[in-house]
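Order of appearance sets the numbers: ligands from 1, and atoms from 1 within every ligand. Hydrogens, waters and symmetry mates play no part in the numbers below; they use all other heavy atoms, side chains included.
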Amino acid sequence: MTGVLYVVATPIGNLDDISLRACAVLKQVSLIAAEDTRHSSRLLQHLGISTPSMALHDHNEQAQAESLLARIVSGDSIALISDAGTPLISDPGYRLVAAAQAAGVRVSPVPGACAAIAALSAAGLPSDRFVFEGFLPAKTTARRGRLESLSGESRTLIFYEAPHRIVECLQDMRDIFGAVRRIALGREMTKTFETIRLLPAAELCAWVESDANQQKGEFVLVVEGAPATDQLPDEAETDALLVKLLKYLPVKPASQLAAELTGRRKNALYDRALALHAGSAGVD
Ligand code: SAM
């Protein structure tokens, strides 16, 4: 009998957030492939599980996949776990699961905690359609470029972020998505200092900037989608607004303000404001 590769979700903070089936599977398999065996030993001890474990992380996954699959084919079942939450979700495991699928090995999920879904479930933002973006690029230019490319996305957006970048990231979101776009911060979920707060981007950013405690721990950001295109003001209305703003403001702030007020993309409005500005030059 061939074995099974179980993909087992583990807690994201509170060690009791693990299913009965996950515990049973972790007890019953021949081997647990864990992202970090030392980290997982705390959970396994807490659950009274003594199944042997080995490390399976980004650096050895490709090399280990073949021998793990050979073990499964010869009858052993293996459980894949990561440090927290669901394996493969911004965590190792993709290469092993893809290789198992390619080899016709049975892969069975044992679902449970996932920080993205936990944050979405408590954010108070539309949850019918959403996009998981994982971690943004660490470098400012690349991060801002990614946010620009997502600024017209109408589905709810979910991001993971590290504590040392949370302030910069919120500042970029406020500048690019606009001050009024709502963002839910999910910090330290299921742990002692759990914070879930939904505010317009500018207010959330100011609140996190002003309180060093809110910059500590683990974060998920859930961002309200852009207004759907059919809810946006049409081109004539947008032009009329830009013309008014351009009477009092230079092109850049006028297009930024118009983007915030209309939900239209800042870059497109900047180009349009330039054209309107050029067209109106010398008219008065
Ligand atoms: N596989 C995990 C899952 O299913 O959510 C995610 C692993 S990823 C390497 C770790 C990131 O998830 C953290 O940097 C943070 O953005 C988010 N995260 C994990 N646990 C969290 C928690 N308790 N509260 C808030 N965010 C958390």
Measuring only between side-chain heavy atoms, which start at C-beta, is [X] closer than 4.5 Å to [Y]?
X: P11; Y: T190; result: no
X: V222; Y: T156; result: yes
X: N14; Y: E194; result: no
X: S19; Y: V110; result: yes
X: R21; Y: V25; result: yes
X: L68; Y: M54; result: yes

How about R272 and T238: does a side-chain donor come under 3.5 Å of a side-chain acceptor?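 Result is no, nothing qualifies.
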Minimum non-hydrogen distance to atom 18 (N) of ligand 1, winning option of P87, C114, A115: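 It is A115 that holds the nearest heavy atom.
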Hey, which atoms in ligand 1 end up nearer than 4.0 Å to a heavy atom of G85?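 With G85 as reference, the close atoms of ligand 1 come out as 3 (C), 4 (O).
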Should you measure from each heavy atom of E161, which atoms of ligand 1 turn up under 4.0 Å away?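 In order of number, 16 (O).
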Please state whether [X] comes within less than 4.0 angstrom of ligand 1, counting heavy atoms only.
X: A84; result: yes
X: F135; result: yes
X: D91; result: yes
X: G186; result: yes

Counting non-hydrogen protein atoms only, what is the nearest one to [atom]? Give residue, atom name and distance.
atom: atom 3 (C) of ligand 1; result: Y160 OH, 3.4 Å
atom: atom 20 (N) of ligand 1; result: E218 OE1, 3.4 Å
atom: atom 15 (C) of ligand 1; result: F219 O, 3.4 Å
atom: atom 26 (N) of ligand 1; result: V220 CG2, 3.4 Å
atom: atom 24 (N) of ligand 1; result: M189 N, 2.9 Å
atom: atom 4 (O) of ligand 1; result: T86 N, 2.8 Å
atom: atom 8 (S) of ligand 1; result: S90 O, 3.6 Å

Can you see which heavy atom on M173 is nearest to which on F159, and at what distance?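 That would be CE-CD1, 3.4 Å.
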How close do P111 and A9 get, heavy atom to heavy atom, and via which atoms?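 Smallest interatomic distance, heavy atoms only, reads C-CB, 3.9 Å.
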Please work out, at 4.0 Å between heavy atoms, whether the side chain, the backbone, both, or neither of K191 comes within that distance of ligand 1.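 Side chain only.
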Taking heavy atoms and a distance under 4.0 Å, where does I12 meet ligand 1: side chain, backbone, both or neither?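 Both backbone and side chain.
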CD1 of I72 to CG of L96: how many Å apart, nearest 0.5 Å?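 Here the rounded value is 6.5 Å.
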Please determine if R144 and D175 form a salt bridge, counting it only when a charged side-chain N lies under 4.0 Å from a carboxylate O.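 A salt bridge links R144 with D175.
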Is there a polar contact between ligand 1 and I89, counting only N or O atoms under 3.5 Å apart?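 Such a contact does occur with ligand 1.
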